Number of protein chains: 2
Amino acid sequence: MIMKVSQSNKLNRAKRFCETNKYRFTEPRERVLSLLLSRHEPLGAYQILKLLSSKQAKIKPPTVYRAIDFWKKNGFIHRIESMNAYIACCEHKHHQNFCIFICNQCNKVSELTLETLSQSITNIIKDKSIVITRSTTELFGSCFECNR
Amino acid sequence: MIMKVSQSNKLNRAKRFCETNKYRFTEPRERVLSLLLSRHEPLGAYQILKLLSSKQAKIKPPTVYRAIDFWKKNGFIHRIESMNAYIACCEHKHHQNFCIFICNQCNKVSELTLETLSQSITNIIKDKSIVITRSTTELFGSCFECNR
DNA sequence: CAATATACTGTTATATTATAACACTTTGAA
DNA sequence: TTCAAAGTGTTATAATATAACAGTATATTG
């Protein structure tokens, strides 16, 4: 399987992450993350299920959901709530304040890596008695191509 | 049934909205919206189903989902994506750029009516070739009470 | 090295959330 | 009064997600 460098880098980073933190980089985990890294679009859990299953070896939902939960918890994938779908996180460090853009017309989804977003949200929350630990923002509209 | 004024006001506004736009203010629509207005917490579709059903008259899922879809489309309720739940929109005019805060500890949910949010998002999106028509932001953290 | 605790997987079953499809009813306008 | 459109009722089923429990792999400790 041919991979872009950045993609295999990300997989390696995930592997190192597991080693460092004494988690296991198991086959289901590897396969789920690889798949999400190789696609640049959100996949539903049952799409992943189908893509990872062969006629001989059918995977079951919990196998996929466990891997998804693991990577999600550890900042390697995002759940797109409005789509019940998952994408590989494009930059690990932005995982806490995550923003995606969904084009209403072509349905393309892109993650926006916005340094300013979490800053903005902090500014918006003037009431310092609330502490924000995580945010997910889903923007809908039309993209450059659909817009011309 | 005793209601706060603002609550019945909101129901009236919804009624007027229907009259103005030639939509019907039918019984399922009224009951679903009333219920959501009377609670200050998110309700799942099947919770609504249960609350609106009596032993004699059991409501079916499509009845609830149709009412939910109607009010959602028309800006009277929000879907909280991360919870598969629905709440009455606290201010009609903010419906396009909607932000809620969910306390991780007590699970209380509050809608934030932030004049500045949509502005901020516009500022963040420097690339003017993208047009945002709607946004939903879900913030997670700990609230004032849980924070002390 | 064996015992054992822990993390993880495999499997079956089922819960939860949402929609398709079609017959019937209400409403307003021609 | 009939016709079209909007809306509801009902049955069935799709799509998404999790509980529960037995079994396996791995690292650790005695």
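Here the structure is a predicted model, which means the values were calculated and not measured. Proteins get letters first, then strands, A, B, ... in listed order; numbering begins at 1 in each.
Checking A:A45 against B:F70, the closest nucleotide of DNA chain D that is more toward the 5' end is the one next to B:F70. If B:P61 and A:P61 are placed on DNA chain C by their nearest nucleotide, the residue sitting closer to the 5' end is A:P61. Both B:Y23 and B:K58 lie close to DNA chain D; mapped to their nearest nucleotides by heavy-atom distance, the more 5′-ward contact belongs to B:Y23.
Rounding to whole angstrom units, CD1 of residue B:I59 and P of D:dT8 are separated by 11 Å. Rounded to an integer number of Å, the gap from A:K22 NZ to C:dA5 C1' is 15 Å. To the nearest angstrom, C1' of D:dT16 lies 11 Å from CG of A:L49. Rounded to an integer number of Å, the gap from B:I48 CD1 to C:dT16 C1' is 14 Å. Across the protein-nucleic acid pair, A:D69 atom CG and C:dA7 atom P stand 16 Å apart, rounded to whole Å. Put simply, CZ on A:R24 is 11 Å from C1' on C:dA5, counting in whole angstrom units.
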A:F25/A:F17 under ring pair (Phe, Tyr, Trp, His ring centres under 6.0 Å): CA gap, chis, key distance, verdict: CA-CA 9 Å; A:F25 190 69; A:F17 169 85; over 10 Å; no

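Contact annotation: A:T26 reaches the phosphate of C:dT9 (side-chain N/O to OP1 or OP2, under 4.0 Å). For B:R79 and C:dA18, the shortest distance from a side-chain N or O to OP1 or OP2 is below 4.0 Å. A close approach under 4.0 Å does occur between a side-chain nitrogen or oxygen of A:Y65 and OP1 or OP2 of D:dA17. For C:dT11, neither phosphate oxygen OP1 nor OP2 lies less than 4.0 angstrom from any side-chain nitrogen or oxygen of A:T63. Regarding contacts with the backbone of D:dT11, a side-chain N or O of B:K60 is found under 4.0 angstrom from either OP1 or OP2.
In this structure, a donor-acceptor pair under 3.5 Å is present between the side chains of B:S82 and B:E138. Side-chain contact of B:N147 with A:S129: a donor-acceptor pair under 3.5 Å is absent, judged by distance alone.
Between the base of D:dA17 and the side chain of A:Y46 there is a donor-acceptor pair shorter than 3.5 Å. Counting atom types as modelled, B:R66 pairs a side-chain N or O with a base atom of D:dG9 as donor and acceptor under 3.5 Å.
Across all strands, A:Y86 comes closer than 4.0 Å only to sugar-phosphate atoms, never to a base (heavy-atom distances). Across all strands shown, B:R29 has heavy atoms under 4.0 Å from sugar-phosphate atoms exclusively, and none from any base. If you check every strand for non-hydrogen atoms under 4.0 Å, B:P28 touches sugar and phosphate atoms only.
Following chains of ILVMFWY side-chain contacts shorter than 4.5 Å, one cannot reach B:F101 starting from B:V109, and the two form parts of different hydrophobic clusters.
Considering only heavy atoms from C-beta on, B:Y65 stays 4.5 Å or farther from B:I48 through its side chain.
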